[in-house]
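Per chain, numbering begins at 1; letters A, B, ... match sequence-line order. Because the structure is predicted, anything quoted here is derived from the model rather than measured.
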Amino acid sequence: MSEMSTRFDFKNIEKKWCRYWEDGHIFHTGPVSNKKPYSIVIPPPNVTGILHMGHALNNTLQDIIIRYKRMQGYETCWMPGTDHAGIATQNVVEKQLAKEGKTRHDLGREKLLERLWQWKKEYGDTIINQLKKIGSSCDWDRTRFTMDEQYSLAVRKVFVDLFKKGLIYRGEYIINWCPRCHTALSDEEAEYQEHQGALYHIKYPFKDNPQRSLVVATTRPETMLGDTAVAVNPSDPRYTALIGKILILPIVNREIPIIPDDFVDPEFGTGAVKVTPAHDPNDFLIGKRHKLPVINIMHPDGRMNENAGEDFSGLDRFEAREAITEMLHELKVLEKVEQHSHAVGHCYRCHTVIEPYLSKQWFVKMAPLAKPALKVVTDGKIKFYPERWTKVYCHWLENIRDWCISRQIWWGHRIPVWYCQDCDETIVSMDDPSVCPKCNSHQLKQDEDVLDTWFSSWLWPFATFGWPDTSKDLDYFYPTNSLFTASEIIFFWVARMIMAGLEFMGEIPFSDIFIHGTVRDSQGRKMSKSLGNAIDPLEIIDEYGADALRFSLIINSGQDIYISKDKFEIGRNFANKIWNASRLILMNVKTDNRNISLESLLRDQDLDTASRWIISKFNSTLKGVNNALELYRFSEAENLIYEFFWSNFCDWYLEIIKQQFDNPKIQQVALKILESSIRMIHPFMPFVTEEVWSHLGVSDNSLSHIKWPEYKPVYTDIESEQSMGLIIGIIAGIRTARVQWNIKSGQSTDIHLSAENPDMVKTLKNNEHIFNAFLKINKLVINDEGVKIKNAASGIIDKVKYQIPLEDIIDIDKEIRRMKEDAAVCEKHAADIQKRLSNHTFIEKAPTEVVERDKERLNSISDKIKNIQDVLSNLD
RNA sequence: GGACCCGUAGCUCAGUUGGUUAGAGCGCUUCCUUGACAUGGAAGAGGUCACAGGUUCGAGUCCUGUCGGGUCCACCA
């Protein structure tokens, strides 16, 4: 054991085990006929990603569960991989190009894709390697990418199938358009932020009487250039008479009608709404209802186009707003400008203000897919942990809107649709067509757009296992068991995976969804690169170790996690504690009998109290950890482990047995508890435990495939727990009192005890033998200042065992009085309930649940009274 | 406008179906350390559980309201 240093040297050790796990393909799995499968698919990080705390948390949680299940004997598969992350990745590469002074258009589609693949090859595995560093036990041999060949096949099949079922359609609608990324975005990709803007009140003069005008209110005056009507609510008495009249649109001087529409809220603004069908989703719908002309006044990059007129054409939308405001002012038609705060959508990738823009896009009809996805959750086939997310999920599905899936970028799955240039036929096909089936023309042109990234991600749980081909892996591992993700991703990904799983596999993709919190800084802000408040997990690994990162993150995780750097000390210190406890035991244990079970140790009637106690404690801790993990209560599991290992095992048991290490029974217990603890801690802190395991000499296998300790209820040993509790109480009392003992040199029996703790003083006086044992066994150093005692607990146990009567610790009279009072109160209450229950009017009129509640209470009170009486009669 | 979450020690948080004296870590005070570990050991101070009502024999826990903080959803131009 000489090679074990006094500090846990995590750096070299982590490196060593990372390599061992990977080179040995320790986590590679496949179907095994006589084992039950347990599988998790990783939320695939973006290829552009670098590890942040959110990843660290997410993957640690998954790793704990997968290691736990693996040790329990499941054939476990944790499927790793990355997401091509369409817009995000293309943005990265386009930024590179910009530095070279080029745009994507200078390169063209093919060359840009080459660059992107090149980039993916060079940097795409960064995050995968970082995940390995935190100890993620994925089946790395399976690592998938959402643009793998087989995966692309799945995406294409899904598109074609849905199209054939009529669930994919193409149409011209107002979508969220990012003028910077030049692409459509889904509703979920638009992030709304409160924005302090203005409400402009503009006078639109009547054609028949230019002196009079109708005032409309808008937050976006620039869009007036595309107005084709003004709408009022038909039931609004102010305006009913005006319906059908013609107004003259200022600046443009276009004649536009006043139309009635229920959409208009008379309460808001002036009750008259300018209608711009090309630039507002609601106006678009109004326009459809009233067959209004649609005038697009903007280029895709957010600049005004020729329809905006000479004065504004070419101006950016925000410049145009100012220019128009100024002109309206000059024309004296700007009545007033009010402060007005409202939500403005931003691109979730580049935070540019989104423009509602009219364009032809592909959509997925969601309602038919949402229905079954809702049912499996309301039926309880899929459960959210914590449960409250169920409601969020259901609300979204109940109000679902169609999903815009086409993106005007180049990086991604190209839409498998071709248009015949000669006959306008639309061809949707698994294989690239070369002839138009309708007119035999060869002039086919593929749709330029690619699919939304999430259109591939939603297939992740089955496409990664080889779908659409059938495979043994898919049969064996699908449906997967649990999914771990953050709440932000419920709509983007979780809900859609459930839809896809049900639609294409006919089965749910997973049964449990664990939603974890967001990692925030100590001020509660989201950690982000732009804020500069991010703590880099790699830095923590470097400074504190991967085990420390994992342990600290989990033990601090409640809902959202607020974290600062010093929080990681707990994990580092705990890893070190495990290390040093192991050193102590390994330095002292000589026994060859290393495989004895806790059960047989406990069967030895002569085993000392402390050993019985620690075995019992371990056992109850294990039970708690099992329960906590089954319910995904991770921090609870870690707290139990921490408390057991540090407070019980190290602070008490090891201190007690230190001077009895020559006893082979004690050696066996110490070793066995250490070994079992190491196994129990392994899913949480894989590195330090693997290393200790390799020194234990119990097995040559990697700890990853060693069995999880078995919980046996028979282990719980109440007698030893109580005895030990008593002993700890006494010793703790001695420790408390010890600085107050004023012993002069040579007068060690003449002791003055402080009156501060009279109960303890009494106990000590009545139990002289304890005190004598204490004096004898502990290194008592007496000097002029008083008494100094080292290792207070050492060796005392044998002397103390079973010799302390309960009465000396607790004031029994007080206790009995309390119990009698308690019983009296209960009896009175029971009589009240009894009376109520025998009252006919009460029984007839009270709701059944009230009666039931009363009956239950009566039962529990009766039980309690009985218990107290039992105890009291035993005392006599 | 709807929905949800949170408010417990100086700080960050536990507290599972209501049940003895409300817990932990960090920080703080005091003491200790020469053989596992100062990334350590012992002891201690510190809480009207946001506030106000209610249900109950009993409330940090359940209900109602108020105040404060946060998140998500929603087409108010």
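A:Y544 does not carry A:K565 over the face of its six-membered ring by the limits of under 6.0 Å from the centre and within 45° of the normal.
The pairing partner recorded for B:rA74 is none, the criterion being a Watson-Crick or G-U wobble arrangement whose two distances lie under 3.5 angstrom. Across all strands shown, B:rA24 forms a Watson-Crick or G-U wobble pair with B:rU12, both key distances being under 3.5 Å. Across all strands shown, B:rA36 forms no Watson-Crick or G-U wobble pair with both distances under 3.5 Å. Pairing for B:rC62 goes to B:rG54, judged as Watson-Crick or G-U wobble with the two contacts each under 3.5 Å. Shown here, B:rA42 forms a base pair with B:rU30; the pair counts as Watson-Crick or G-U wobble because both key distances fall under 3.5 Å.
Taking the C1' atoms as reference points, B:rC49 lies 14 Å from B:rC6, given to the whole Å. Rounded to whole Å, the C1' atom of B:rU48 lies 12 Å from the corresponding atom of B:rG60. Remark: the separation of the C1' atoms in B:rC63 and B:rU20 is 26 Å, to the nearest Å. Only the C1' atoms considered, B:rC26 is 38 Å distant from B:rU64, to the nearest whole Å. To the nearest whole angstrom, the two P atoms, one in B:rA24 and one in B:rG15, are 15 Å apart. Rounded to a whole angstrom, the distance from the C1' atom of B:rC67 to that of B:rA74 is 26 Å.
Put simply, CD on A:E488 and OG1 on A:T518 are 4.5 Å apart, with the number rounded to the nearest 0.5 Å. Between the CD1 atom of A:I259 and the NE2 atom of A:H290 there is a distance of 4.0 Å, given to the nearest 0.5 Å.
Counting non-hydrogen atoms under 4.0 angstrom, A:R220 reaches nothing in the nucleic acid. Within 4.0 Å (heavy atoms only), A:H340 reaches sugar-phosphate atoms of the nucleic acid but no base atom. Among the atoms of the strands shown, none is found under 4.0 Å from any heavy atom of A:N639. Within the nucleic acid shown, A:K274 has no heavy atom closer than 4.0 Å to any nucleic acid atom. As judged by a 4.0 angstrom heavy-atom cut-off over every strand, A:R572 is placed among the base-contacting residues.
Here B:rC73 is the nucleotide among B:rU12, B:rC73, B:rG40 with the atom lying nearest to any side-chain atom of A:H395. Of the listed nucleotides (B:rC73, B:rC75, B:rG41), B:rC75 has the atom at the smallest distance from the side chain of A:F263.
Scanning atom types as modelled, no donor and acceptor separated by under 3.5 angstrom connect the side chain of A:K391 and the base of B:rC4.
Taking 4.0 angstrom as the limit, A:W646 places a side-chain polar atom (N or O) nearer than this to OP1 or OP2 of B:rG41. Taking 4.0 angstrom as the limit, A:R7 places none of its side-chain polar atoms (N or O) nearer than this to OP1 or OP2 of B:rA36. Contact check, A:N573 against B:rG40: a side-chain N or O comes under 4.0 Å of OP1 or OP2.
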Using the rule given for salt bridge (charged side-chain N to carboxylate O under 4.0 Å, His left out), can you reason through A:E638 versus A:R550, listing the C-alpha separation, both sets of side-chain angles and the distance that settles it, and then say yes or no? CA-CA 11 Å; A:E638 283 201 354; A:R550 294 168 58 118; over 6 Å; no

